[in-house]
Amino acid sequence: MHNGGMPAIDPTLLHRELDDWFAREGRDLPWRRPDCSPWGVLVSEIMLQQTPVARVLPRWIDWLIRWPTPADLANAPTDEVLRAWDRLGYPRRALRLAECARAIVDQHGGMVPRDEDALRSLPGIGEYTAAAVVAFAFGGRSTVLDTNVRRVLARGVGGEALPRPHLTTAERQRAGALVPEDPAAAARWAAATMELGALVCTARNPACDRCPIAGQCAWLAAGKPADAHAVVRRTQAWHGTDRQVRGQIMRELRAADRVGRSRLLSATTAGSAQFDRALESLVHDGLAVEWASPDDEPQYSLPAARTR
DNA sequence: AACACGGGGTT
DNA sequence: AACCCAGTGTT
């Protein structure tokens, strides 16, 4: 096994330097505090899926005050859940979080499970989130691989500017091999690598001069070569998409009790064909319900009752 | 493996 | 206007 003449990685040194840096520079986020419950951590992880910390913070605080345990959320009406989710985006996550709460009550006696496979089987919890809850809620050993960690390892260990578009088995192995044996150390490693990717080893302008592991970084040593598999990935369009129209409809539904189709349509930038497609998809997803009216246009609202 | 799915802050 | 961001579930 060779690594192209790049400096050998010393995991022990890596762990210690990142540990020290995280203790010094890590943000004091409420879901990282020792008194935060596993449920609080789980809620934060769902909200943080594709959503920045700054926007999650106020929603998370309100959410935990209102539904401090899985049992509390399990009994909440769906419309209240969706209004509390507000504009965090991807509102299906809110539905899945409520389903997740019910599954925790039904299958785990209301306690967030510690087992990674059990977590993985809950609604809305995939590979990343299961590993994150193991580490951050229970201080357990897991391989936490989010976009930040992937970038840190792609650079520091792989010598490449950015990770591949898709997670590979080889990448999982590389990440797993670097996880400290001690569970508490593994949890700190997960938090520190994520934080490094978020604060220093950012996608666009990495602050290598402030990086605690710059001395061991394969990418820096190689002269920071450009992304090998760049371009290709075009960002998804946003304006005029069905997603945008869905968001416009959801905003209107959150603001009203019931809304007629025509008023809903006028709240969007869509033509009627796209509007109907978006509205139908929301009904299909369980984010909206239709109230048929014999002699007037159909009315729509958020789902009032929870769908048990 | 590819696709659908929000929204707002930053550059 | 483009770019970025603590992913998951479906097909």
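A, B, ... follow the sequence lines: proteins, then strands. Residue 1 opens every chain.
Side-chain proximity of A/Arg204 to C/dT8, C/dC3, B/dG6: nearest is C/dC3. Closest approach to the A/Arg246 side chain among C/dA6, B/dC5, B/dG8 is made by B/dC5 (side chain taken as heavy atoms from C-beta onward). Considering only side-chain atoms of A/Arg120, the nucleotide from B/dG7, B/dC5, C/dG9 that sits closest is C/dG9. You'll find that the side chain of A/Arg254 is closest to B/dG7, out of B/dC5, C/dT8, B/dG7. Distances were taken from every side-chain heavy atom of A/Thr129 (C-beta onward) to each of C/dT8, C/dA6, B/dG6; the shortest belongs to C/dT8.
In this structure, A/Asp242 atom CG and B/dG6 atom P are separated by 10 Å, rounded to whole Å. In this structure, the CG atom of A/Leu29 is 17 Å from the P atom of C/dC5, given to the nearest Å. Between A/Arg251 atom CZ and B/dG8 atom C1' there is a gap of 10 Å when expressed in whole angstrom units. Per the geometry, CE belonging to A/Met47 stands 16 Å off C1' belonging to C/dT8, to the nearest Å. To the nearest angstrom, C1' of C/dG7 lies 13 Å from CZ of A/Arg172. Note: CD (A/Gln50) to P (C/dC3) measures 17 Å, nearest angstrom.
Within the 4.0 angstrom heavy-atom criterion, base atoms lie near A/Leu88.
Along DNA chain B, the nucleotide nearest to A/Leu167 and the one nearest to A/Gln49 differ in position, and the one closer to the 5' end is contacted by A/Leu167. Nearest-nucleotide positions on DNA chain B for A/Arg92 and A/Asn205 put A/Arg92 closer to the 5' end. Where A/Ala203 and A/Arg96 meet DNA chain C, the nucleotide closest to each residue was compared, and A/Ala203 sits on the side nearer the 5' end.
Results of the side chain to side chain contact (heavy atoms under 4.5 Å, CB included) test with A/Trp31 over A/Leu64, A/Val56, A/Leu42 single out A/Val56 as the only residue that passes.
Evaluation of atom-type donor-acceptor distances gives a pair under 3.5 Å for the side chain of A/Thr51 against the base of B/dG6. The base of B/dG6 does not come close enough to the side chain of A/Arg87 for any donor and acceptor atom to sit less than 3.5 Å apart. A/Arg55 contributes a side-chain N or O that forms a donor-acceptor pair with the base of B/dG7 under 3.5 Å.
Put simply, the side chain of A/Arg93 gets close to the backbone of A/Ile46: a donor and an acceptor are under 3.5 Å apart.
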Item to complete: Apply side-chain hydrogen bond (donor to acceptor under 3.5 Å, both in side chains) to A/Ser293 and A/Gln299, showing your working.
Response: CA-CA 7 Å; A/Ser293 173; A/Gln299 305 282 116; over 6 Å; no
Worksheet item: Does the pair A/Arg243 and A/Tyr90 meet the rule for a side-chain hydrogen bond (donor to acceptor under 3.5 Å, both in side chains), with working shown?
Response: CA-CA 9 Å; A/Arg243 283 202 302 177; A/Tyr90 297 114; 3.0 Å; yes
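Spacing of P atoms, B/dG6 relative to C/dT11, comes out at 16 Å, to the nearest Å. B/dC3 and C/dA6: their P atoms are spaced 23 Å apart (whole Å).
Cation-pi geometry between A/Arg59 and A/Trp85 is not satisfied (NZ or CZ under 6.0 Å from the ring centre, within 45° of the ring normal).
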